[in-house]
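Throughout, residue positions are numbered sequentially from 1 according to the sequence presented.
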Amino acid sequence: MDNENKSVCGDSAENTEIGGSAQKSSDTPKVRGGRWFLKCAIIMLSVFLLPALTVLTVIFLLNPVYNETFVGELYEKYSLLTETEEPKIVIVGGSSVAFGIDSALIEQEMGMKVVNFGLYADLGTKVMLDLSRSGINEGDIIILAPELNGQTLSLYFNGKTAWQALDGSFEMLEYIDSENYGALIGGALSFAQDKLGYAITGTLPENDGAYKKENFNEYGDNIYPRPYNVMSGTAGDVNFDFITDFNDGYDTDYENFINYVNDYIHYATVKGAKVYYSFCPISGAALSKDVTEDKIDAYYENLRESLDCPVISNIYDYILDDGYFFDTEFHLNDAGVVMRSVSLINDLRRLDGNHTVAIPYDKLPPPPGHNPEGSEADGEEGAEYFTFESYAYADKTYYRVTGLSAAGLAMEELTIPNKYQGCAVKQIAANAFSGSSELKRLFVGTNISFISAEAFSGASSLTEVYLPDGKRPADISVPNSMANALATKGCNPDLKIFVDADKFEGYIADYNWGDYSDFLAKKDS
């Protein structure tokens, strides 16, 4: 029995030892699992955290590169707004405010400080509203005057452009709506890549002509000399198609925008400010063929009914002769700035029952019209491959390319002629190359000065478009939504628009052409 007991006890002891060994063995996979977890964690951190830290380092620690560009003016405007404690007039909008207000004249006539708080449609109206909240004081007068298009009459927000405007002035981030953080994150990588590229090469983003920070005065007005209208057409049709039924239960982008504006109005009112709605200047020549007085009146009435602030302006006072504009359908030249500023002064005066005008109408500057053009390039070679339509502009007859002839549809390479029937070929119409399945390479004619947003839609094989040698961004007008239209309206996704290598950065930084960045490429030297 004792032996059996010992044997049993021995077995038990052996089993315990074996069990202990088994227990130790079973610990080994757990240790390995812990090591693999640690390795995986390190890998995940490398994949996600390190790139994020790199992006943040580039954004916040590298010297700013955009603070002296056009969008870099945002901080100057923000500082003026927040540092002006006395009652002031703040005009909020996009570039039609930057290129359309004589603040000194308004200040002189109204006896109040003026802040021009308009800059760039690609930032969106919402950013300007959000940032301006921090500078609203009791006694302020706020004029809302966004451009009449879908981008500025919505809650549009461009993360990359916002980073460019904030570069080196990141304290403004505090006032960016949290709803836009996702867009900021989405735009951070592209912004950081561009910023790092400038840092490595020791260069800065280019500005051209009017689009330099140095062209803004102490009020935030763009004072670049603009004696004429420099366009040979309009940059795009203006429509009044934002009328919606606010009671149908369906929320549109425009309705959401109006609701956001009303929240802003309530906030400003609580702060002791008064908010009014005016209109941006609109080129009469840019009005869509579908625009009638009935549509304009309906839009005006819709605004009055849906906004929680007074609409103080007659919209017809802001539809101006084409000769008062500069380089878009909303940017004014020097004479146009006076016209628009006087209209706004008169609107503000009437609020106090004062019906005298700032400048008598017979003393207002006449429309200076268009910049006298130099000689146009000759050459009608290749006209048989295209179809054209004529149009009158500034008392002259021009042609625009509207399509390809039967012979043109069979060609793989084409050059747009400089003239047709003795008149300059100036424009490329929307859908001009639709259905041209054979066309692979297109050379733009020297006289072309406007390209429609949807010009290359439907050109399924077109991968190369060459702009003429020597052309600057200002020489060819494009709507600043062109890239989006190209991307979504059926152009070849591999399309590249080739420009002179020494002007490439200027195109990237240009107010309108900047939206082409994904499509732009340098010509071979």
Side-chain angles (χ1 to χ4, degrees), residues 80-81 84 86-93 96-118 136-148 217-223 226-227 265 268-269 272-284 293 296-297 299-301 303-304 307-326 330-369:
L80 177 62
L81 175 71
T84 305
E86 61 193 280
K88 56 190 176 292
I89 297 172
V90 183
I91 306 164
V92 181
S96 69
V97 175
F99 283 83
I101 290 295
D102 184 341
S103 295
L105 177 61
I106 298 172
E107 185 174 292
Q108 171 188 315
E109 296 295 325
M110 297 304 301
M112 296 178 67
K113 292 288 185 181
V114 176
V115 177
N116 183 322
F117 206 65
I136 296 174
N137 298 320
E138 185 174 359
D140 288 350
I141 293 175
I142 301 170
I143 306 297
L144 305 179
E147 286 80 30
L148 192 72
N217 66 11
E218 66 272 22
Y219 296 99
D221 303 344
N222 190 292
I223 55 172
R226 308 191 297 276
I265 292 167
T269 302
K274 294 180 180 178
V275 183
Y276 303 107
Y277 198 94
S278 182
F279 295 101
C280 69
I282 303 165
S283 170
E293 285 194 13
I296 296 174
D297 292 343
Y299 173 72
Y300 177 68
E301 288 302 317
L303 268 179
R304 292 181 62 186
L307 284 173
D308 292 342
C309 72
V311 180
I312 62 171
S313 301
N314 182 335
I315 194 168
Y316 292 99
D317 291 341
Y318 292 79
I319 300 176
L320 302 177
D321 185 283
D322 179 64
Y324 284 117
F325 288 79
F326 174 53
F330 300 123
H331 293 181
L332 295 171
N333 56 35
D334 296 335
V337 166
V338 175
M339 294 293 291
R340 194 265 185 96
S341 299
V342 166
S343 290
L344 185 55
I345 292 167
N346 295 339
D347 294 339
L348 290 168
R349 282 182 168 181
R350 283 192 293 268
L351 292 172
D352 295 325
N354 182 351
H355 293 278
T356 62
V357 295
I359 299 176
Y361 288 105
D362 61 345
K363 303 294 184 183
L364 290 170

If every non-hydrogen atom of [X] is compared with every non-hydrogen atom of [Y], which pair is closest and at what distance?
{"X": "Cys280", "Y": "Ala145", "answer": "CB-O, 4.2 Å"}
{"X": "Pro368", "Y": "Gly323", "answer": "CD-O, 3.3 Å"}
{"X": "Asp140", "Y": "Pro87", "answer": "OD1-CA, 3.5 Å"}

Ile265 vs Thr269, side-chain contact (heavy atoms from CB on, under 4.5 Å): CA-CA, chis, key distance, verdict: CA-CA 6 Å; Ile265 292 167; Thr269 302; 4.0 Å; yes

Worked verdict on Val357 versus Val342 for side-chain contact (heavy atoms from CB on, under 4.5 Å): CA-CA 8 Å; Val357 295; Val342 166; 5.7 Å; no

So do [Y] and [X] actually touch side chain to side chain, heavy atoms under 4.5 Å?
{"X": "Pro281", "Y": "Ser96", "value": "yes"}
{"X": "Tyr277", "Y": "Leu307", "value": "yes"}
{"X": "Val97", "Y": "Val92", "value": "no"}
{"X": "Val115", "Y": "Ile91", "value": "no"}
{"X": "Ile142", "Y": "Leu144", "value": "yes"}
{"X": "Arg226", "Y": "Val337", "value": "yes"}
{"X": "Ile359", "Y": "Glu109", "value": "no"}
{"X": "Ile141", "Y": "Val90", "value": "no"}

Rounded distance [0.5 Å steps], [atom1] in [X] versus [atom2] in [Y]:
{"X": "Leu320", "Y": "Arg340", "atom1": "CG", "atom2": "CZ", "value": "9.0 Å"}
{"X": "Tyr316", "Y": "Ser343", "atom1": "OH", "atom2": "OG", "value": "15.0 Å"}
{"X": "Asn333", "Y": "Phe325", "atom1": "CG", "atom2": "CZ", "value": "8.5 Å"}
{"X": "Ile89", "Y": "Glu107", "atom1": "CD1", "atom2": "CD", "value": "8.5 Å"}
{"X": "Asp102", "Y": "Asn217", "atom1": "CG", "atom2": "CG", "value": "8.5 Å"}
{"X": "Ile315", "Y": "Asp297", "atom1": "CD1", "atom2": "CG", "value": "9.0 Å"}

Salt-bridge contact Arg349-Asp352 (side-chain N to carboxylate O under 4.0 Å):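 Answer for the salt bridge query: no.
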
Polar side-chain atom of Asn346 near backbone of Ala358 as donor-acceptor pair, under 3.5 Å: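 Yes, Asn346 side chain to Ala358 backbone: donor-acceptor pair under 3.5 Å.
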
Short side-chain to backbone donor-acceptor contact, Asp221 and Asn116, under 3.5 Å: no

Side chain to side chain donor-acceptor pair (under 3.5 Å) between Asp347 and Tyr318, intermediate numbers included: CA-CA 11 Å; Asp347 294 339; Tyr318 292 79; 2.6 Å; yes

Ring geometry between Tyr299 and Phe279 (parallel below 30°, tilted from 30 to 60°, perpendicular above 60°):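 Phe279 and Tyr299: tilted rings.
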
Within 6.0 Å of CD in Glu138, more than 12 heavy atoms from elsewhere: no

Within 6.0 Å of CZ in Arg304, more than 12 heavy atoms from elsewhere: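 No, not enclosed.
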
Test log, rule side-chain contact (heavy atoms from CB on, under 4.5 Å), inputs Asn137 and Lys88: CA-CA 8 Å; Asn137 298 320; Lys88 56 190 176 292; 3.3 Å; yes

Stepwise side-chain contact (heavy atoms from CB on, under 4.5 Å) check, Leu332 with Val338: CA-CA 9 Å; Leu332 295 171; Val338 175; over 6 Å; no

Pair Phe326 and His331, ring centroids less than 6.0 Å apart: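 No, the ring centres sit 6.0 Å or more apart.
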
